[in-house]
Amino acid sequence: MKDDNTLTPDRYAGDAAWRNWFDICSVGGCPVEHSAALRRQVESAMYSTLSKRGISREEVGADDPVAIFDAYFKLKGSRETKKPLKSYFAYRIKVEGMRLADFVCGTLFGSGAGRVHDIVLDWIASIKGWRPRKVKGPDGRRCIEWESAGPEEIASLEPSSESDPAALLDLEPMRCEVDALLERISLNTKVEKRAVASLLYATAQDVPLTDAAILKGLGVGKSRAYAMREKAMAEFRNEAKTIEGADSPLFGRILLEACEAALPDSLRAEIGGAR
């Protein structure tokens, strides 16, 4: 069966390649036919995310983005446990029955807030010698603050609207397309549109469905929440195949914004605005 690539702006390396990565613990340690595909996808995602933060390849120097990616998952602990992050994700994939393509294209490289964003923040910290931290602003939205950096240096890392290609486009047709997509998913799964948005947003932001705020916002228990997400994600993949440009970073960004806007107020205050 052909891999479903609708959730990623990068070319999906394939299930077999990513299974190798989980088993061997490094891109370079995988068989050549898999390591090459993995390297292309990881490099593309890392450099793209780095560029969005205002850092050029020239500033990176000899740093290997793939080595940084691998090291992050070997050394970092998960949010809930002290075991390596990759082991935690492998456990989640098994327990939740996640498809590898969904995990890689959403949790790892999702255009809105995949784990790649956190990896790149660590990378920037090593390049600049600064320390990033996520804080909530007065409006409740989370943003990045850089310690040990001056105002001018911080500004250089934050993309401006003038350099954002989306600022030059008429996004209303795409926003209408996204809204219609959420409506169709809701109708076909018999799940409320707001719940669909919550499930897609939580998945993209790597918020576990066991989170109390998620369950309260959905008004269901854990088993029901997992079942609802499975239906919503399956329908999302089917619908996305019919939409031109659904695999673009811009579409993913607008979808994420639409899902966040549809969150119940209490849930948005807890998980909204992650960057």
Side-chain angles (χ1 to χ4, degrees), residues 1-53 57 60 62-127 202-209 229-230 233-234 236-237 240 247 249 252 274:
M1 180 181 294
K2 185 178 180 182
D3 289 322
D4 176 9
N5 301 335
T6 56
L7 300 181
T8 178
D10 309 309
R11 187 169 183 173
Y12 182 51
D15 285 359
W18 282 103
R19 286 194 191 98
N20 268 160
W21 180 76
F22 270 106
D23 291 340
I24 299 172
C25 300
S26 77
V27 170
C30 293
V32 174
E33 66 272 19
H34 290 160
S35 64
L38 288 167
R39 175 168 284 277
R40 282 195 298 271
Q41 186 173 11
V42 171
E43 281 188 344
S44 174
M46 292 282 281
Y47 280 131
S48 174
T49 307
L50 193 72
S51 176
K52 290 174 183 175
R53 287 289 176 183
R57 292 196 185 195
V60 170
D63 283 357
D64 179 5
V66 174
I68 291 169
F69 176 85
D70 281 338
Y72 183 91
F73 284 95
K74 290 178 184 176
L75 301 176
K76 288 285 183 176
S78 75
R79 295 170 182 172
E80 288 82 7
T81 70
K82 296 300 182 182
K83 61 186 176 183
L85 186 60
K86 192 165 67 172
S87 298
Y88 165 68
F89 277 136
Y91 172 78
R92 268 191 58 197
I93 289 170
K94 179 179 179 181
V95 171
E96 297 180 20
M98 296 174 67
R99 293 171 67 248
L100 264 179
D102 294 342
F103 168 76
V104 172
C105 302
T107 303
L108 283 189
F109 299 135
S111 60
R115 182 64 62 150
V116 67
H117 293 269
D118 288 342
I119 301 173
V120 165
L121 288 179
D122 276 8
W123 194 10
I124 293 174
S126 70
I127 295 170
T203 300
Q205 298 285 46
D206 189 30
V207 178
L209 293 188
R229 181 172 69 175
E230 184 175 349
M233 289 303 296
F236 167 74
R237 287 190 292 271
D247 59 344

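Position 1 is the first residue of the sequence; numbering continues from there. Side chains included, hydrogens not; waters and symmetry mates left out as well; all remaining heavy atoms used.
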Any residue meeting ring-ring contact (aromatic ring centres under 6.0 Å, His included) with Tyr47, in chain and number order, not counting sequence neighbours: none
- prompt: Does some side-chain heavy atom of Phe236 sit less than 4.5 Å from a side-chain heavy atom of Arg229?
  reply: no
query: Looking at residues at least two apart in the chain, or sitting in another chain, which of them share a salt bridge (Lys or Arg N to Asp or Glu O under 4.0 Å) with Glu230?
result: none
- prompt: What are the two closest non-hydrogen atoms of Ile68 and Trp123, and how far apart are they?
  reply: CD1-NE1, 2.8 Å
task: State, to 0.1 Å, how close Met46 and Pro65 come at their nearest heavy-atom pair, and which atoms those are.
output: CE-O, 3.4 Å
When rounded to the nearest 0.5 angstrom, what distance separates [atom1] in [X] from [atom2] in [Y]?
X: Asp63; Y: Arg57; atom1: CG; atom2: CZ; result: 13.0 Å
X: Arg115; Y: Thr107; atom1: CZ; atom2: OG1; result: 8.5 Å
X: Asp122; Y: Ile119; atom1: CG; atom2: CD1; result: 8.5 Å
X: Phe22; Y: Cys30; atom1: CZ; atom2: SG; result: 11.0 Å

task: Could you tell me whether Arg99 and Asp15 have a side-chain N and a carboxylate O separated by less than 4.0 Å?
output: no
query: Thinking salt bridges, do Arg39 and Asp64 make one under a 4.0 Å N-O criterion?
result: yes
- prompt: Quick one: does Ser48's side chain have a donor or acceptor within less than 3.5 Å of a partner on Ala45's backbone?
  reply: no
Test item: Asp70 side-chain N/O and Val27 main-chain N/O as donor-acceptor pair under 3.5 Å: yes
task: Check the pair Phe73 / Trp21 against ring pair (Phe, Tyr, Trp, His ring centres under 6.0 Å), numbers first and verdict last.
output: CA-CA 11 Å; Phe73 284 95; Trp21 180 76; 5.4 Å; yes
- prompt: Taking it one step at a time, do Leu108 and Val116 satisfy side-chain contact (heavy atoms from CB on, under 4.5 Å)?
  reply: CA-CA 6 Å; Leu108 283 189; Val116 67; over 6 Å; no
task: Given side-chain contact (heavy atoms from CB on, under 4.5 Å), test Leu38 with Phe69 step by step and report yes or no.
output: CA-CA 11 Å; Leu38 288 167; Phe69 176 85; over 6 Å; no
